Enquirer: 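Here's a structure for you.
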Amino acid sequence: MQARSAPSSLPSSRYSRSSLYSIYTVLLKEYGMQGWWPLLAHQGMNPTKTGSITGYHPGDYSFPKNEQQRFEICIGAILTQNTSWVQVEKALKALNQLNALTIEGMAKLSLQRLKIAIKPAGYFNQKAKKIREFVVFFTYLDGRTPSREELLSVWGVGPETADSILLYAYHVPSFVVDAYTRRILSHLRLIEETASYNDIKAMMEQALPQEVVVYQEYHALLVEHAKQQYSKKPYSQDILLSRIHR
DNA sequence: AACCAGGACGTGA
DNA sequence: TCACGTCATGGT
């Protein structure tokens, strides 16, 4: 680790830290448990989630239940880069039809068929390459949990994808920062717009209990809240603003 | 008909 | 380090 200067762009007062936790409790009361990461098919799936047909499992944190589901989460994390989950779901279903949501099946799939299958998720040339790179890495892991640095060394895996894989596929408490997180926290003036990914991640992890369930739900709740209130500009008066004092 | 969607990478200051 | 262009399909 190299020495780093303190991020001047972040408020570090007690007020902002407690605000970050109260945001979580407010969102949880408002929207309920989110049941991420969505999986194609499993027992007890919940079909009533915004923007998706099936796959969520609120209150059940026992996923993934096997290596295949773990693999599916990883592939979904790559496919959802800058793409809505509805589109990713189409791609995942197409892959599943080809028996390519297993490591063995994916390894057999031709590049051309892979590209066609994931086309709905966009960037199919890049994402096909990313998936193939990840398959090599996943095989190399041989069931071991990767470190964040290992994940980041894989071509096509950036900070958010790495943290999503750690948090949802491996239950490692690593907070996921996405565009919605930055948008909401910035609008609430809890961060500067220019705050870096790692700055925001560090702030969240310092403010919250370092628990997988909290990180999973918080991230998913921010996404749900953003879909409700931050999809189109100008952003309206956030319901959180009147409720995060203390 | 622009604009956005659960980003990452390559490039040149 | 960082700002900017590129990648691509499909919703609203």
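Each chain gets a letter, A, B and so on, in the order the sequences are listed, and its residues count up from 1. Everything numeric here is computed off the predicted structure, so don't read it as measured data.
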Enquirer: Side chain of K90(A) only, heavy atoms from C-beta on: which candidate in dG6(B), dT9(C), dG10(C) is closest?
Expert: dG10(C)

Enquirer: Tell me what V176(A) touches on the nucleic acid: a base, only sugar-phosphate, or nothing, going by heavy atoms under 4.0 Å.
Expert: nothing

Enquirer: Between atom CG in L152(A) and atom P in dA8(B), what is the gap in whole Å?
Expert: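 So the two atoms are 9 Å apart, to the nearest Å.
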
Enquirer: Measuring only the P atom in each nucleotide, how far is dA8(C) from dT11(B)? A whole number of Å is fine.
Expert: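 Per the computed distance, 16 Å lies between those P atoms.
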
Enquirer: Stacking check: are the rings of W36(A) and dG6(B) less than 5.5 Å apart at their centres and under 30 degrees in tilt?
Expert: yes

Enquirer: Just call it for V154(A): base, sugar-phosphate, or nothing, with non-hydrogen atoms closer than 4.0 Å on any strand.
Expert: sugar-phosphate

Enquirer: Using a 6.0 Å cut-off, check whether atom CZ of R113(A) has over 12 heavy atoms from anything other than its own residue.
Expert: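 No, CZ of R113(A) has 12 or fewer neighbouring heavy atoms, counting only those of other groups under 6.0 Å.
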
Enquirer: Within the 4.0 Å heavy-atom criterion, would you say Q126(A) contacts the bases, only the backbone, or no part of the nucleic acid?
Expert: base

Enquirer: Does DNA chain C take part in any stems of at least 3 consecutive Watson-Crick or G-U pairs (both distances under 3.5 Å), and if so, which ones?
Expert: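 Detected stem regions: B:7-13 with C:1-7.
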
Enquirer: If the glycosidic angle sits within 90 degrees of zero it is syn, else anti. Tell me which applies to dG12(B).
Expert: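 Base orientation: anti.
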
Enquirer: With under 30° as parallel and over 60° as perpendicular, where do the rings of W36(A) and Y168(A) fit, or are they tilted in between?
Expert: tilted

Enquirer: Indicate yes or no: at least one non-hydrogen side-chain atom of K115(A) is less than 4.5 angstrom from one of K127(A).
Expert: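 They are not in side-chain contact.
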
Enquirer: Tell me the interatomic distance from R183(A), atom CZ, to dA5(B), atom P, rounded to whole angstroms.
Expert: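 Roughly 4 Å, once rounded to whole Å.
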
Enquirer: Using the six-membered ring wherever Trp is involved, compare the ring planes of H57(A) and F63(A) and label them parallel, tilted or perpendicular (cut-offs 30° and 60°).
Expert: tilted

Enquirer: How long is the line joining NZ of K233(A) and P of dC4(B), in whole Å?
Expert: 6 Å

Enquirer: Figure out the CG/C1' separation between L167(A) and dG6(B), and round it to whole Å.
Expert: 13 Å

Enquirer: May I have the list of side-chain donor-acceptor pairs in residues 152-160 of chain A shorter than 3.5 Å, sequence neighbours left out?
Expert:
{"from": "S153(A)", "atom 1": "OG", "to": "E150(A)", "atom 2": "O", "distance (Å)": "2.5"}

Enquirer: At under 4.0 Å, does any side-chain N or O of N125(A) touch on OP1 or OP2 of dA8(C)?
Expert: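 For N125(A), the contact criterion (side-chain N or O under 4.0 Å from OP1 or OP2 of dA8(C)) is met.
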
Enquirer: Looking at the base of dG6(B), is there any donor atom on it, or on the side chain of Y56(A), that sits under 3.5 Å from an acceptor on the other one?
Expert: yes

Enquirer: May I ask you to say what G122(A) touches in the nucleic acid, namely base, sugar-phosphate or nothing, with a heavy-atom cut-off under 4.0 Å?
Expert: base

Enquirer: Could you give the CD-to-P distance, from E160(A) to dA5(B), as a whole number of Å?
Expert: 12 Å

Enquirer: Would you kindly give the CD1-to-P distance between I131(A) and dG7(B), to the nearest whole Å?
Expert: 16 Å

Enquirer: Check the geometry between W85(A) and dG6(B) and answer yes if their rings are stacked (centres below 5.5 Å, planes below 30°), otherwise no.
Expert: yes

Enquirer: Which nucleotide sits closest to the side chain of Q87(A): dC9(B), dG11(C), dG7(B)?
Expert: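 In terms of side-chain proximity for Q87(A), the closest of dC9(B), dG11(C), dG7(B) is dG11(C).
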
Enquirer: Which part of the nucleic acid does A220(A) contact within heavy-atom distance under 4.0 Å: base, sugar-phosphate only, or nothing?
Expert: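 Nothing, no nucleic acid heavy atom in range.
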
Enquirer: How long is the line joining OH of Y123(A) and P of dG7(B), in whole Å?
Expert: 9 Å

Enquirer: How long is the line joining CG of D163(A) and C1' of dA8(B), in whole Å?
Expert: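 Rounding to the nearest Å, CG of D163(A) and C1' of dA8(B) are 14 Å apart.
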
Enquirer: At 4.0 Å (heavy atoms only), tell me whether T161(A) reaches a base, stays on the sugar-phosphate, or touches nothing.
Expert: sugar-phosphate

Enquirer: Give me the ring orientation class for Y235(A) and Y230(A): parallel if the planes are under 30° apart, tilted from 30 to 60°, perpendicular past 60°.
Expert: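 Geometry flag for Y230(A) against Y235(A): tilted rings.
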
Enquirer: Is any NZ, NE, NH1 or NH2 atom of the basic residue among K108(A) and E104(A) found under 4.0 Å from an Asp or Glu carboxylate oxygen of the other?
Expert: no

Enquirer: Reckon K232(A) touches a base, only the sugar-phosphate, or nothing at all at heavy-atom distances under 4.0 Å?
Expert: nothing

Enquirer: Between E224(A) and K227(A), does any side-chain N to carboxylate O distance fall below 4.0 Å?
Expert: no

Enquirer: For V223(A) and for V157(A), locate the closest nucleotide of DNA chain B by heavy-atom distance; then report the residue assigned to the nucleotide nearer the 5' terminus.
Expert: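 On the 5' side of the pair lies V223(A).
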
Enquirer: Can you tell me how far OG1 of T80(A) sits from CD1 of I75(A), rounded to the nearest 0.5 angstrom?
Expert: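 Between atom CD1 of I75(A) and atom OG1 of T80(A) there are 13.0 Å.
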
Enquirer: Taking the same atom, P, in dG6(B) and in dT6(C), what whole-Å distance lies between them?
Expert: 24 Å

Enquirer: Reckon R182(A) touches a base, only the sugar-phosphate, or nothing at all at heavy-atom distances under 4.0 Å?
Expert: nothing

